[in-house]
Amino acid sequence: MSTVFNFTFVPWFRSVAPYIHKFRNQTFVIGLTGEAIDAGKLASIAQDIAMIQAMGVKIVLVHGFRPQVNEQLRLKGQEAKYSHGMRITDPVALDCAQEAAGQLRYEIEAAFSQGLPNTPMAGARVRVISGNFITARPVGLIDGVDFQHSGLVRKVDTEGIQRTLDMGALVLISPFGFSPTGEAFNLSMEDVATSVAVALQSDKLIFLTEIPGIRVDANDPESDIDTELPLADAKRLIASLPAATVPTDPGFYLQHCVRACEGGVERSHIIPFKLDGSLLLEIYVHDGIGTMVVDEKLESVREATIDDVSGIVALIEPFEKDGTLVKRDRTEIERDAGNYTIIEHDGVIFGCAALYPYPEERTAEMAALTVSPQSQSQGDGERLLKRIETRARAQGLQSIFVLTTRTMHWFIKRGFVQVNPDWLPEARKRKYNWDRRSQVLVKKLS
Ligand SMILES: CC(C)(COP(=O)(O)OP(=O)(O)OC[C@H]1O[C@@H](n2cnc3c(N)ncnc32)[C@H](O)[C@@H]1OP(=O)(O)O)[C@@H](O)C(=O)NCCC(=O)NCCS
C-alpha cells in the first residue's frame with residue numbers, strides 16, 4: 001500500500017467522524033425525483049443511502065415519478081396535462097401513475113437488495129418497507145380547473161412510520177394517498193416528502209433534483225451555488241420570482257424547503273442527482289455542494305461552555321503536537337472554558353480562541369487561536385479575532401497581545417505590532433518561556 005494513502009485516508013476519515021456521531025439516530029427524509037431514476041442514478045444513490053443508513057441514520061425515502069407517468073401516458077397515446085404547476089390526474093393518468101409507482105417500487109427494492117462482493121453494497125442489509133402511510137384529500141377545483149384524482153397530503157401516519165424506522169427498516173413512500181373512502185389520489189413527491197418531514201419533525205429533508213441548488217443570483221445561471229440560505233432570504237427570493245411551475249424553476253423545490261423549515265424541520269437541502277455521491281458530499285462535508293435552507297445562520301460564534309471542552313481539545317491537539325500552540329491540559333481548559341470563544345457549525349466546533357485578561361495593565365492575552373484545517377482561509381480566524389476584541393473592549397481593556405512562533409504575519413496584517421517581551425505584564429512575563437522565544441505582538445483597541 002502506498003504510504004501517501006495513509007496520510008490522505010486517515011485524516012479524511014477522521015474529519016468525517018464528527019458528522020457520523022452527530023447524525024446517528026437522526027431521521028432524514030429524502031425526496032428522490034423520478035428524473036434521477038430516469039437518468040440511471042438509482043443504483044449509486046441506493047448505495048449511498050445504504051451507507052448513510054449503516055451509519056445510524058433513519059431514512060424515509062419518497063420517490064417521484066413524473067417522467068415515468070408521462071412515459072406511460074405516451075405509450076397510451078395520451079398527453080400529460082398540467083395546471084398551476086400540478087398534474088391534472090384524469091382516470092387514464094391515475095392508471096398510469098399506479099403502473100409507474102408499482103414498477104418504481106420494484107426497481108427501488110431491487111436496488112437496495114444488491115450485495116455483490118467488492119461493491120459498496122456488499123454486506124449491506126437494507127430492509128425496505130412501504131405502506132399506506134399517507135391520507136389524502138382532493139386538490140379539487142382551482143380557477144375553474146378540475147384536478148380530478150390529483151390530491152394533497154391530509155394526514156401522515158407518523159406512528160406507523162416511526163415504528164417501522166425503529167425496527168431498523170428504510171421506509172419507502174410512493175406519491176399516493178388514500179381518502180377515508182378508499183379513493184386513490186396522485187400526489188406530488190415534493191408535497192409528500194415535505195409533509196412527512198414536518199410530521200416526523202425530521203432532522204433533514206433532502207431533495208435530490210435536476211437542479212444543482214439555488215444560485216447566489218437566481219437570474220444568472222453562471223453564478224455560484226448558495227450553500228446556506230437563511231429562511232428569511234429564501235422567502236424573500238421566492239417572493240421576487242415568478243410562480244414556479246416546472247421543477248427547473250428556482251422556486252420549485254425551494255418553496256417546499258421553506259414550508260419544511262417553517263414547520264420545524266431545521267435543515268432542508270436541494271442537491272443535484274447528476275453529481276455522483278452528492279448525498280455524501282452534502283451530508284458529510286463542511287460546506288456541502290447544494291443549497292441548505294436553515295432557520296438561521298448555522299455557523300455561530302459564541303462563548304464556550306464546559307460542554308465544548310472536548311471539541312476544543314480535539315481542535316487544538318494537532319497544533320499542540322506540531323508545536324504551533326503551547327500544550328494546555330484538559331483540566332486547564334475546563335477551568336477556563338468561559339474564557340474561550342468558539343465557532344460552531346452544525347454542532348461541530350471549527351474554531352476557538354481564549355482571552356486571558358490582565359486588568360491592572362488594561363490588557364489581555366489572546367491565546368489558542370485555532371481554526372480547523374478544513375475550514376481555514378474562509379475568514380473564521382478574523383471573526384474570532386473580532387469577537388475577542390469585542391470581549392476585551394467590553395471589559396474596559398485597551399489592548400490585546402499574542403505570543404506566537406509561526407503566525408506573526410497573520411497578526412501583523414490585522415493591526416498587531418511586535419514589541420519586546422519586556423512589555424508583557426509582570427505576571428505573564430514570569431511565565432514567558434524564553435527557550436520558545438515566542439514573538440510578542442500587541443494590538444491597540446480603538
Ligand atoms: C492562524 C489561523 C487561526 C487563521 O485562521 P483562518 O480562518 O484561516 O483565517 P482567515 O480566513 O481569517 O485568514 C486567512 C488568511 O490568513 C493567511 N494565513 C493563515 N495562516 C497564516 C500564517 N501562519 N501566517 C501568515 N498568514 C497566514 C492565509 O493564507 C489567508 O490569507 P489570504 O486571505 O490572503 O488567502 C489558522 O491558520 C490556524 O488555526 N493556524 C494554526 C494555529 C495557529 O497558528 N494559531 C495562532 C497561534 S498564536
Side-chain angles (χ1 to χ4, degrees), residues 7 11-12 14-15 18 224 227-228 285-288 297-304 308-330 332-333 336 339-346 348-358 363-392 397 399-421 423-425 428-429 431-445:
F7 290 109
W12 165 81
R14 285 179 181 152
S15 76
D224 290 342
T227 52
E228 198 176 306
V285 177
H286 178 261
D287 283 328
K297 274 273 178 218
L298 283 179
E299 193 160 279
S300 64
V301 185
R302 63 170 174 82
E303 315 321 348
D308 300 313
V309 170
S310 296
I312 295 172
V313 170
L315 178 69
I316 63 179
E317 213 167 37
F319 295 105
E320 290 176 345
K321 280 199 178 130
D322 78 4
T324 310
L325 297 179
V326 207
K327 175 92 188 105
R328 282 175 180 78
D329 288 339
R330 192 191 168 93
E332 190 192 330
I333 300 174
D336 300 339
N339 295 36
Y340 281 76
T341 294
I342 57 160
I343 291 200
E344 178 198 52
H345 181 99
D346 227 1
V348 179
I349 296 172
F350 281 93
C352 72
L355 183 74
Y356 288 95
Y358 293 87
T363 188
E365 177 177 3
M366 178 170 74
L369 171 70
T370 314
V371 172
S372 92
Q374 74 259 38
S375 45
Q376 286 181 5
S377 286
Q378 294 173 27
D380 284 348
E382 185 122 11
R383 289 170 69 199
L384 282 164
L385 169 63
K386 288 216 171 91
R387 177 60 77 98
I388 289 287
E389 287 177 10
T390 309
R391 283 184 83 171
L397 306 177
S399 64
I400 54 172
F401 66 91
V402 290
L403 271 70
T404 181
T405 51
R406 304 186 190 176
T407 322
M408 186 174 163
H409 290 110
W410 192 89
F411 292 108
I412 288 177
K413 220 172 149 188
R414 283 150 187 89
F416 284 77
V417 290
Q418 191 172 3
V419 294
N420 192 293
W423 179 93
L424 287 170
R428 184 64 182 90
K429 218 185 302 179
K431 284 192 283 169
Y432 181 83
N433 181 342
W434 293 92
D435 289 342
R436 197 170 149 85
R437 299 205 354 244
S438 302
Q439 280 137 347
V440 181
L441 297 146
V442 184
K443 181 170 182 179
K444 279 214 172 78
L445 301 173

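The structure presented is a predicted model; accordingly, all values stated were derived computationally and were not measured. Counting starts at 1 for both ligands and their atoms, in listed order.
Side-chain N or O atoms of Tyr340 include none that pairs as donor or acceptor with a backbone N or O of Leu355 at under 3.5 Å.
The six-membered or imidazole ring of Trp410 lies away from that of Phe416, with a centre-to-centre distance of 6.0 Å or more.
For Lys327, the NZ atom is densely surrounded, since the number of other residues' heavy atoms within 6.0 Å is greater than 12.
Inter-residue side-chain proximity for Leu385 and Met366 is flagged as met; some heavy-atom pair is nearer than 4.5 Å.
The 4.0 Å heavy-atom shell around ligand 1 contains residues Phe319, Thr324, Leu325, Leu369, Thr370, Val371, Gln376, Ser377, Gln378, Gly379, Asp380, Gly381, Glu382, Leu403, Thr404, Arg406, Thr407, His409, Trp410, Phe411, Lys413, Arg414, ordered by chain and number.
Under the salt bridge (charged side-chain N to carboxylate O under 4.0 Å, His left out) criterion, Asp336 pairs with no residue at all, not counting sequence neighbours.
Each of Tyr356, Tyr432, Trp423 was scored for a ring-ring contact (aromatic ring centres under 6.0 Å, His included) with Phe401, with one residue passing: Trp423.
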